[in-house]
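Data first, discussion second: the structure below is written as structure tokens.
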Amino acid sequence: MNPENARIPKNFIRENVQPIKTTMKMKNVIITSFILALVLSSCADKNQAPTAPPPPVLPVLAITSANTTTDSEYPASIQGTVDVEIRPQVSGNLDRIYVDEGAYVSKGQTLFKINERPYREQLNNALASLHAAEAALINANLEVDKLTPLVQNKVVSDYQLKTAKASQKIAAANIEQAKAMVGTAKINLGYTNVTAPVSGYIGRLPKKQGSLVSATDIEPLTTLSDVHEVFAYFSLGETDFINFKEQYAGNSLGDKIKKLPPVTLILADNNAYPQTGKIDMVDGQFDKTTGAITIRATFPNKGGVLRSGNTGRIRLGLQHDDAILVPQAATVEMQDKVFVFTVGKDNKVTKMPITVVGKSGTNYLIKEGVKTGDQIVLSGIDKLQDGQAIQPEKSTKVAEVTNQK
């Protein structure tokens with residue numbers, strides 16, 4: 001026995017050892033109870049089935065049909081009603097330029113002046129030839145007048161009179177020729193003053209004052225555009241053109257054109273031109289290369305906002321009767337296909353592909369896939385799975401359509 005333990009009183013050991021044993025027993029009981037509770041809880045969880053989450057509540061829309069208009073856009077090029085190249089008709093030095101690039105000019109206004117001195121001398125020479133011819137005719141007339149009584153009196157032979165009359169005709173012809181030369185010289189002299197054939201806007205001025213110009217130059221002096229009205233040219237493919245013709249009544253294409261509604265021009269900044277245009281021409285034949293036909297729409301341009309060379313898009317509306325419309329927000333696109341989720345009688349959804357043939361506002365115009373009376377999920381379709389059950393909620397939001405008859 002350890003000497004230190006021998007010093008502990010026996011009554012101390014009895015008083016302290018017994019409580020320690022009691023505490024140990026209580027701890028063992030608590031631990032055993034805790035383990036038993038865990039085991040019982042685990043068994044209870046295994047016996048109890050997991051609770052399934054409720055089906056999601058999603059808005060549902062019943063599909064209806066309506067009369068609507070779909071808008072299709074086609075690239076367009078804009079030209080003035082007159083786009084003309086200003087070219088010199090005679091050769092010479094460019095003495096004066098009276099206009100600036102981009103300026104507005106009126107019909108008949110002088111634009112350029114070509115050195116006129118050579119052409120004025122040509123006119124003077126032609127006038128001199130005319131005067132000489134007139135004098136020759138006078139001499140021929142005198143000769144005829146002199147020989148006529150002599151022939152009548154048989155003083156001279158008839159042959160001399162006939163020769164004089166032939167000379168008289170030659171002199172008269174020379175006068176006509178001289179007059180033509182004078183007229184040509186006047187025309188050439190007039191060509192030295194280059195004027196505007198129409199009112200419009202001046203283009204670039206590649207030739208500068210002092211340049212030598214000629215009628216055979218590849219580059220014109222400038223271009224002139226009359227844009228009080230502008231033409232917007234666009235093209236339709238064969239299918240679009242057939243649909244386009246079927247929309248409107250009329251025995252001929254000309255009759256149909258008269259009944260066409262106004263069209264809208266979308267400018268390069270995606271804003272609509274404030275004034276609508278009118279389709280007034282359809283090309284006589286399809287382009288063999290592109291398989292498209294050209295159509296022209298005319299737009300007023302009083303303020304000169306549009307210029308030749310502008311580009312844009314023609315927005316063409318096509319009327320559809322009893323069209324099936326589906327909101328774009330209720331569709332999902334996958335691999336170049338468009339789908340909607342239809343709701344069956346058991347409230348289970350089916351992922352249904354649809355065929356879109358156009359747009360009307362925020363709605364798709366549907367050709368195949370759904371029909372009037374079908375119900376589709378309006379929103380919350382991102383996480384839906386094919387065959388999943390939902391709790392339908394009738395939507396008060398109706399697709400925004402435009403009824404046009």
Side-chain angles (χ1 to χ4, degrees), residues 79-101 103-148 160-229 308:
Q79 297 180 12
T81 53
V82 177
D83 286 332
V84 60
E85 292 181 343
I86 307 299
R87 292 181 174 274
Q89 298 297 307
V90 293
S91 300
N93 290 323
L94 195 60
D95 279 352
R96 295 289 302 274
I97 299 176
Y98 295 99
V99 293
D100 197 3
E101 297 174 337
Y104 181 83
V105 297
S106 300
K107 181 178 179 179
Q109 180 177 338
T110 301
L111 307 179
F112 304 95
K113 184 63 177 180
I114 298 174
N115 186 5
E116 67 175 19
R117 285 173 295 181
Y119 301 98
R120 187 166 294 281
E121 294 304 321
Q122 289 180 9
L123 176 60
N124 293 334
N125 187 33
L127 289 172
S129 298
L130 175 61
H131 296 330
E134 291 173 342
L137 178 60
I138 293 174
N139 287 333
N141 291 335
L142 292 174
E143 185 68 16
V144 171
D145 293 341
K146 182 183 74 172
L147 293 176
T148 299
Q160 289 180 314
L161 180 59
K162 290 181 179 179
T163 302
K165 288 182 177 180
S167 299
Q168 184 185 40
K169 292 181 178 180
I170 293 174
N174 288 336
I175 289 178
E176 298 299 324
Q177 185 178 21
K179 287 181 178 179
M181 293 178 62
V182 170
T184 300
K186 287 182 178 180
I187 291 174
N188 288 335
L189 181 62
Y191 280 153
T192 61
N193 190 40
V194 182
T195 59
V198 295
S199 299
Y201 291 92
I202 293 293
R204 296 291 303 276
L205 299 174
K207 301 288 186 179
K208 305 305 179 184
Q209 185 171 341
S211 300
L212 180 63
V213 297
S214 171
T216 59
D217 288 345
I218 298 177
E219 197 171 26
L221 294 175
T222 188
T223 56
L224 180 60
S225 298
D226 180 5
V227 291
H228 75 281
E229 286 185 335
S308 291

Working to the nearest 0.5 Å, report the span between [atom1] of [X] and [atom2] of [Y].
X      : Y      : atom1 : atom2 : value
Thr223 : Asp83  : OG1   : CG    : 7.5 Å
Arg117 : Gln122 : CZ    : CD    : 14.0 Å
Leu142 : Leu137 : CG    : CG    : 9.5 Å
Arg120 : Leu189 : CZ    : CG    : 4.5 Å
Leu161 : Asp145 : CG    : CG    : 10.0 Å

Which heavy atom in [X] sits nearest to a heavy atom in [Y], and how many Å separate them?
X      : Y      : result
Ser199 : Ser106 : OG-CA, 3.4 Å
Val144 : Thr148 : O-OG1, 2.6 Å
Lys208 : Leu205 : NZ-O, 3.0 Å

Distance-only, no hydrogens or angles: does the [X] side chain make a donor-acceptor pair with backbone N or O of [Y] under 3.5 Å?
X      : Y      : answer
Thr222 : Arg204 : yes
Ser211 : Lys207 : no
Thr195 : Gln109 : no

TODO: Quick one: do Thr192 and Asn115 satisfy side chain to side chain contact (heavy atoms under 4.5 Å, CB included)? Show the steps, please.
DONE: CA-CA 7 Å; Thr192 61; Asn115 186 5; over 6 Å; no
- [ ] Apply side chain to side chain contact (heavy atoms under 4.5 Å, CB included) to Leu221 and Leu111, showing your working.
- [x] CA-CA 10 Å; Leu221 294 175; Leu111 307 179; over 6 Å; no
TODO: Starting from the C-alpha separation in whole Å, work towards a yes-or-no answer on side chain to side chain contact (heavy atoms under 4.5 Å, CB included) for Leu224 and Ile202.
DONE: CA-CA 5 Å; Leu224 180 60; Ile202 293 293; 3.9 Å; yes
Task: All ring-ring contact (aromatic ring centres under 6.0 Å, His included) counterparts of Tyr201, not counting sequence neighbours - done: Tyr104
TODO: Test Leu123 against every option in Ile187, Val182, Asn188 by the side-chain contact (heavy atoms from CB on, under 4.5 Å) rule and name the one that passes.
DONE: Val182
- [ ] Could you go through the side chain to side chain contact (heavy atoms under 4.5 Å, CB included) check for Asn193 and Lys113 one step at a time?
- [x] CA-CA 5 Å; Asn193 190 40; Lys113 184 63 177 180; 4.0 Å; yes
N/O donor-acceptor pairs under 3.5 Å from side chains in residues 86-99, not counting sequence neighbours:
residue: Arg87; atom: NE; partner: Glu85; partner atom: OE1; Å: 3.1
residue: Arg87; atom: NH1; partner: Asp217; partner atom: O; Å: 2.7
residue: Arg87; atom: NH1; partner: Ile218; partner atom: O; Å: 3.2
residue: Arg87; atom: NH2; partner: Glu85; partner atom: OE1; Å: 3.1
residue: Arg87; atom: NH2; partner: Ile218; partner atom: O; Å: 2.9
residue: Ser91; atom: OG; partner: Ser214; partner atom: OG; Å: 3.2

Open item on the list: Counting C-beta onward and ignoring hydrogens, is there a side-chain heavy-atom pair between Thr110 and Val194 closer than 4.5 Å?
Closed with: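 A side-chain contact is absent here, since even the closest heavy-atom pair is not under 4.5 Å.
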Task: Inter- and intrachain pairs under side chain to side chain donor-acceptor pair (under 3.5 Å), touching residues 161-185, at least two apart - done: Asn141-Gln168, Asp158-Lys162
